[in-house]
Amino acid sequence: MQIHENFPLKSYNTFSIDARAKFFNSFSSAEVLEELLMIYSEYPVFILGGGSNILFTKDYEGCVLKNEIKGIELQHEDAEHVYVKVGAGENWHQFVLHCINHNWAGVENLSLIPGNVGASPIQNIGAYGVELDDVFWNLEAFHIGDRRIHTFTREDCEFGYRNSIFKERYKDQFAIISVTLQLRKKPIFHTDYGAIVEELEKMGVKDLSIKAVSQAVINIRSSKLPDPQKIANAGSFFKNPEVPTEKYEALKLAFPDIVAYPLAKGTVKLAAGWMIEQCGWKGYRKGDAGCHAKQALVLVNYGKATGKEVYDLSDEILQSVKKKFGVALEREVNII
Ligand SMILES: Cc1cc2nc3c(=O)[nH]c(=O)nc-3n(C[C@H](O)[C@H](O)[C@H](O)COP(=O)(O)OP(=O)(O)OC[C@H]3O[C@@H](n4cnc5c(N)ncnc54)[C@H](O)[C@@H]3O)c2cc1C
């Protein structure tokens, strides 16, 4: 097995941060992963997917292992559903297109999210009113410590808003090797979120289909979100914070235009992007680190920014939002 030392990670993270890994390898099966863990047993291990939700703030003094386990397999079906097992190293969007080609419904609203299938449960990816949680059946994950494969059901994963047990109690303890989704034979459409209806009208869609919804989502995302191939970024840098209704009402008195979405259980989700914009960060640039000119929630690397510079900018943003609104933002991107 070839050992890669002092390995450049710039093309392995969508922030395009020029960090290095002490060791780097990829694995295409749980068996190869096990071998690698034996070889690098003295070092910390970081499991890498598509690198679209991470910020390297320094070189990684351990072994970065890139998950390349492939395969899409229809496991079984019942009257309403198909159960599809997907290798963690499959590209998420290509998998969504595969589902659409097979008329398997449920993930069309999650079109064009970068990254790999194996990372999708980590932060319970979500967009346009749908989360992975809605279609998740189970997953298999290799425990880095006991070197055994464990199965996690939906309940085991403790999914929340951009969160799961893998970002909390089991952080960095498992390598997810496959994810099984429960997809519908007959779609239930979710078109009431964002500008999907308007986009479908613009497209002249008469008969709604999962293909049309997927295309509408692709069109909206392509027009709104910066493409990491053109400007390096990792999507939304911060989560939208949830606050108690009383806190929201007090904020609404002081800031009548505040953008918010009511949630169940007496809480309200505030639009972090709006608050960041109100603090004057939208379009801000310091060196090569910046806050995107159209999407204040997205931090960008215009070329040679270091991870530390991007992180420091995120810190300044956090502090100013706290000062102006009394709200603590939380980073969505994984800081390494
Ligand atoms: C332009 C853009 C738009 C985005 N839009 C959205 C969006 O709409 N909704 C959304 O939810 N996210 C969005 N994201 C964030 C990102 O695409 C998702 O979080 C995605 O799931 C990350 O996948 P990845 O393979 O790139 O993970 P990576 O960045 O490689 O890893 C992320 C974390 O998951 C861990 N990890 C990765 N693979 C595994 C594995 N197999 N086993 C164990 N741990 C693993 C890593 O260790 C790391 O902690 C966006 C990102 C970009 C750049």
Side-chain angles (χ1 to χ4, degrees), residues 9 12-17 26-28 30 33 44-56 60 62-70 86-96 107 109-133 139-144 149-150 152 157 159-168 170-179 193-194 217-218 220-222 224-240 292 294-295 297-301 331-336:
L9 296 167
Y12 288 85
N13 70 98
T14 62
F15 249 129
S16 206
I17 300 296
S26 55
F27 59 96
S28 53
L33 171 62
V45 163
F46 180 77
I47 306 294
L48 179 68
S52 65
N53 201 19
I54 50 175
L55 177 68
F56 287 108
Y60 189 72
C63 183
V64 171
L65 296 179
K66 182 161 164 47
N67 192 323
E68 287 184 350
I69 298 177
K70 298 285 191 253
V86 197
E90 289 285 347
N91 173 273
W92 173 264
H93 180 61
Q94 291 308 316
F95 166 65
V96 171
V107 286
N109 289 45
L110 303 177
S111 297
L112 217 59
I113 296 182
N116 291 353
V117 169
S120 62
I122 304 281
Q123 73 156 7
N124 181 24
I125 57 167
Y128 296 93
V130 173
E131 289 182 328
L132 184 81
D133 185 16
L139 63 78
E140 287 178 324
F142 191 90
H143 191 266
I144 289 168
I149 293 175
H150 299 242
F152 288 78
C157 290
F159 289 126
Y161 162 60
R162 299 298 171 276
N163 208 7
S164 75
I165 199 163
F166 302 105
K167 279 192 99 170
E168 303 284 342
Y170 292 156
K171 190 170 163 50
D172 296 331
Q173 291 186 32
F174 285 92
I176 293 172
I177 55 175
S178 73
V179 179
Y193 197 98
V217 169
I218 290 171
I220 300 167
R221 290 184 69 103
S222 308
K224 274 179 58 180
L225 286 169
D227 177 355
Q229 300 285 353
K230 295 183 187 139
I231 307 180
N233 75 87
S236 303
F237 200 90
F238 303 98
K239 295 185 187 184
N240 289 317
H292 193 259
K294 289 193 191 144
Q295 290 290 336
L297 208 48
V298 178
L299 300 191
V300 295
N301 171 10
R331 294 178 183 87
E332 178 180 316
V333 170
N334 299 280
I335 309 297
I336 297 142

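Order of appearance sets the numbers: ligands from 1, and atoms from 1 within every ligand.
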With under 30° as parallel and over 60° as perpendicular, where do the rings of H143 and H150 fit, or are they tilted in between? tilted

Hey, does K171 sit under 4.0 Å from ligand 1 if you only count heavy atoms? no

Heavy-atom distances under 4.0 Å are what count here, so tell me which part of A234 touches ligand 1: side chain, backbone, both or neither. backbone

Considering heavy atoms of the protein only, find what lies nearest to atom 28 (P) of ligand 1 and give residue, atom and distance to 0.1 Å. G51 N, 3.5 Å

Flag T14 as yes when one of its N or O atoms lies below 3.5 Å from any N or O atom of ligand 1, and as no otherwise. no

Backbone of Y161 reached by a side-chain donor or acceptor of N124 within 3.5 Å: no

With atoms numbered from 1 as shown, which atoms in ligand 1 lie under 4.0 angstrom from a non-hydrogen atom of L48? 30 (O)

Would you say S178 and E140 are linked by a side-chain donor-acceptor pair, where the criterion is simply a distance under 3.5 Å? yes

Just list the side-chain donor-acceptor pairs under 3.5 Å for residues 224-231, sequence neighbours left out, or say none.
{"residue": "D227", "atom": "OD1", "partner": "Q229", "partner atom": "N", "Å": "2.9"}

Record the part of P226 in heavy-atom contact with ligand 1 below 4.0 Å; permitted values are side chain, backbone, both and neither. backbone

If the cut-off is 4.0 Å to any non-hydrogen atom of G115, which atoms of ligand 1 fall inside it? 23 (O), 24 (P), 25 (O), 26 (O)

Shortest protein contact, atom 31 (O) of ligand 1 (heavy atom only): I54 CG2, 3.9 Å

With rounding to the nearest 0.5 angstrom, report the CD to OG distance, E68 to S28. 7.5 Å

Heavy-atom contacts with A175 under 4.0 Å: which atoms of ligand 1 show up? List them by number with element. 42 (N), 43 (C)

Between R162 (side chain) and N240 (backbone), is there a donor-acceptor pair under 3.5 Å? no

Please determine if P228 has a nitrogen or oxygen closer than 3.5 Å to a nitrogen or oxygen of ligand 1. no

For atom 6 (C) of ligand 1, what's the nearest protein heavy atom and its distance? R221 NH2, 3.7 Å

Partner set under side chain to side chain donor-acceptor pair (under 3.5 Å) for N163, not counting sequence neighbours: E168

Closest protein heavy atom (residue, atom, distance) for atom 43 (C) of ligand 1: F174 O, 3.2 Å

If you have a sec, work out which protein heavy atom is nearest atom 32 (C) of ligand 1 and how many Å separate them, to one decimal? N334 ND2, 3.7 Å

Ring centres of F152 and F166 under 6.0 Å apart? yes

Please report whether ligand 1 has a polar contact with G235, defined as an N or O pair separated by less than 3.5 Å (distance criterion only). no

Would you say S164's side chain and F159's backbone share a donor-acceptor pair under 3.5 angstrom? no

Identify, by atom number and element, the atoms of ligand 1 in contact range of N233, meaning under 4.0 Å from any of its heavy atoms. 1 (C), 53 (C)

Is there side-chain contact between I149 and I177, with heavy atoms separated by less than 4.5 Å? yes

Heavy-atom contacts with G126 under 4.0 Å: which atoms of ligand 1 show up? List them by number with element. 7 (C), 8 (O), 9 (N), 10 (C), 11 (O)

Within the structure, does G50 bring an N/O atom to less than 3.5 angstrom of an N/O atom in ligand 1? yes

Atom 20 (C) of ligand 1: closest protein heavy atom, distance to 0.1 Å, is P114 O, 3.5 Å

Using heavy-atom distances, let me know which of H93, Q123, E68, K224 sits nearest atom 18 (C) of ligand 1. Q123

Give a yes or no on whether the backbone of Y128 and the side-chain of N109 come within a donor-acceptor separation of less than 3.5 Å. yes

Nearest heavy atom to atom 41 (N) of ligand 1 wins, so pick from V179, N109, I176. I176

Among all the protein's non-hydrogen atoms, which is closest to atom 21 (O) of ligand 1, and how far away is it? I125 CG2, 3.2 Å

Dump the intermediate steps for side-chain contact (heavy atoms from CB on, under 4.5 Å) on N116 and N67, then the final yes or no. CA-CA 9 Å; N116 291 353; N67 192 323; 5.8 Å; no

In terms of atom number and element, which parts of ligand 1 are under 4.0 angstrom from non-hydrogen atoms of A127? 8 (O)

Please check this pair: side chain of W92 against backbone of L110, looking for a donor-acceptor N/O pair closer than 3.5 Å. yes

Run the contact test for R162 against ligand 1 with a 4.0 Å cut-off on heavy atoms, strictly below, and give the result. yes

Tell me the nearest of I336, N116, N13, I47 to atom 39 (C) of ligand 1, using heavy-atom distances. I47

In this structure, atom 44 (N) of ligand 1 is nearest to the protein heavy atom I122 CD1, 3.4 Å

Please confirm whether the backbone N or O of N233 pairs with a side-chain atom of T14, one donor and one acceptor, at under 3.5 Å? yes

Judged by non-hydrogen atoms, does G89 sit under 4.0 Å from ligand 1? no

For residues I69 and F27, determine if any side-chain heavy atom of one lies less than 4.5 Å from a side-chain heavy atom of the other. yes

